[in-house]
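Just so you know, these numbers use all the heavy atoms, side chains as well, and skip hydrogens, waters and symmetry mates.
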Amino acid sequence: MANKAQIPTNNSALIAMIADEDTITGFLLAGVGNVDLRRKTNYLILDSKTTVKAIEDAFKEFTTKEDIAIVLISQYVANMIRFLVDSYNKPIPAILEIPSKDHPYDPTHDSVLSRVKYLFSSESVASGRR
């Protein structure tokens, strides 16, 4: 056990969220919210006036911040910026798509699940790709 490689961790790693108000409120009540010294939050609450550009900017900001370990994004929101979500390939922060109250989860659109299926598909195993 002493020979295991240690993964460097930061004790102040955060969870960022991009979702509707009800989903964000639930996570804030659970203690996930954070406001830094510049008054920047670790979440984006979507409403009818939120533009795709604002969602893209928040996604890019959250995925480049050093103190964020996980980005939770509602799946229907991820579908709006699917090209960004699918092209993201870093392990940290991890991108997890979650359902929302008004939009059920659809596993066919989940980028993480599709990557896992690809890795374990018979085509990738037969061709020697992993």
Side-chain angles (χ1 to χ4, degrees):
M1 297 238 181
N3 296 350
K4 280 190 168 184
Q6 296 294 317
I7 298 172
T9 59
N10 183 351
N11 290 335
S12 63
L14 300 172
I15 297 175
M17 298 162 291
I18 304 173
D20 59 280
E21 185 175 13
D22 292 339
T23 303
I24 299 286
T25 300
F27 279 98
L28 291 178
L29 289 171
V32 174
N34 183 59
V35 179
D36 65 13
L37 295 173
R38 296 172 308 208
R39 310 290 295 157
K40 299 281 282 180
T41 60
N42 65 326
Y43 54 87
L44 173 66
I45 298 175
L46 284 114
D47 58 18
S48 60
K49 297 175 187 167
T50 306
T51 64
V52 174
K53 174 79 169 120
I55 298 168
E56 290 174 3
D57 292 343
F59 182 84
K60 289 175 185 175
E61 177 187 347
F62 294 153
T63 55
T64 56
K65 287 181 74 173
E66 301 263 334
D67 61 344
I68 293 182
I70 300 171
V71 177
L72 298 177
I73 183 168
S74 289
Q75 191 176 48
Y76 81 97
V77 177
N79 288 336
M80 294 180 197
I81 58 166
R82 180 59 58 197
F83 63 97
L84 278 177
V85 175
D86 288 345
S87 65
Y88 183 80
N89 59 7
K90 296 178 185 173
I92 297 175
I95 309 299
L96 298 176
E97 297 178 27
I98 59 174
S100 67
K101 183 174 79 172
D102 298 327
H103 301 87
Y105 175 76
D106 182 5
T108 60
H109 292 286
D110 191 331
S111 61
V112 173
L113 188 58
S114 65
R115 289 177 188 171
V116 170
K117 282 183 180 180
Y118 173 76
L119 287 173
F120 290 105
S121 70
S122 60
E123 297 148 9
S124 65
V125 172
S127 66
R129 297 174 75 188
R130 285 193 180 195

Participant: Do Y43 and L28 have side chains that get closer than 4.5 Å, going by heavy atoms?
Facilitator: yes
Participant: Quick check on E21: does its CD atom have over 12 non-hydrogen neighbours (other residues, nucleotides or ligands) under 6.0 Å away?
Facilitator: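 Open.
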Participant: What distance separates L44 CG from S74 OG, expressed to the nearest 0.5 Å?
Facilitator: 10.5 Å
Participant: Would you say N42's side chain and V32's backbone share a donor-acceptor pair under 3.5 angstrom?
Facilitator: yes
Participant: Quick check for you: to the nearest 0.5 Å, what is the distance between T51 atom OG1 and M80 atom CE?
Facilitator: 10.5 Å
Participant: Are V52 and L46 co-members of a hydrophobic cluster defined by side-chain heavy atoms under 4.5 Å apart?
Facilitator: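 In one cluster: yes.
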Participant: Using the side-chain contact (heavy atoms from CB on, under 4.5 Å) rule, take V77 and F59 through it: C-alpha gap first, then chi angles, then the decisive distance, then the call.
Facilitator: CA-CA 10 Å; V77 177; F59 182 84; over 6 Å; no
Participant: Taking side chain as C-beta onward, heavy atoms only, is D36 less than 4.5 Å from K65?
Facilitator: yes
Participant: Are D22 and T25 linked by a side-chain donor-acceptor pair shorter than 3.5 Å?
Facilitator: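 No pair is found: no donor N or O on one side chain lies under 3.5 Å from an acceptor on the other.
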Participant: Is there side-chain contact between I15 and F27, with heavy atoms separated by less than 4.5 Å?
Facilitator: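 A side-chain contact under 4.5 Å is absent here.
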Participant: Same cluster or not: are I45 and V35 linked, directly or through other Ile, Leu, Val, Met, Phe, Trp or Tyr residues, by side-chain heavy atoms under 4.5 angstrom apart?
Facilitator: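 They do not share one cluster, since no chain of ILVMFWY contacts under 4.5 Å joins I45 to V35.
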Participant: Please examine the side chains of E56 and F83, heavy atoms only from C-beta on, and report whether any two atoms are closer than 4.5 Å.
Facilitator: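 Yes; the side chains approach each other to less than 4.5 Å.
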Participant: Salt-bridged, R82 to D86, with N to O below 4.0 Å?
Facilitator: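 Salt bridge between R82 and D86, a charged N being under 4.0 Å from a carboxylate O: yes.
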Participant: Under a 4.0 Å N-O cut-off, is there an ion pair linking K49 with D47?
Facilitator: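 No, no charged N to carboxylate O under 4.0 Å.
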Participant: Could you pull out the closest heavy-atom pair between P93 and F62, with the gap in Å?
Facilitator: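 Minimum heavy-atom contact is CG-O, 3.8 Å.
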Participant: Which one of I98, I81, L96 satisfies the side-chain contact (heavy atoms from CB on, under 4.5 Å) criterion with I73?
Facilitator: I81
Participant: Under a 4.5 Å side-chain heavy-atom rule over Ile, Leu, Val, Met, Phe, Trp and Tyr, are I18 and L29 clustered together?
Facilitator: no
Participant: Nearest 0.5 Å, please: how far is CE in M17 from CD1 in I70?
Facilitator: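 If we round to the nearest 0.5 Å, I70:CD1 and M17:CE are 11.0 Å apart.
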Participant: To the nearest 0.5 angstrom, please state how far the CG atom of L84 sits from the OG1 atom of T63.
Facilitator: 8.0 Å
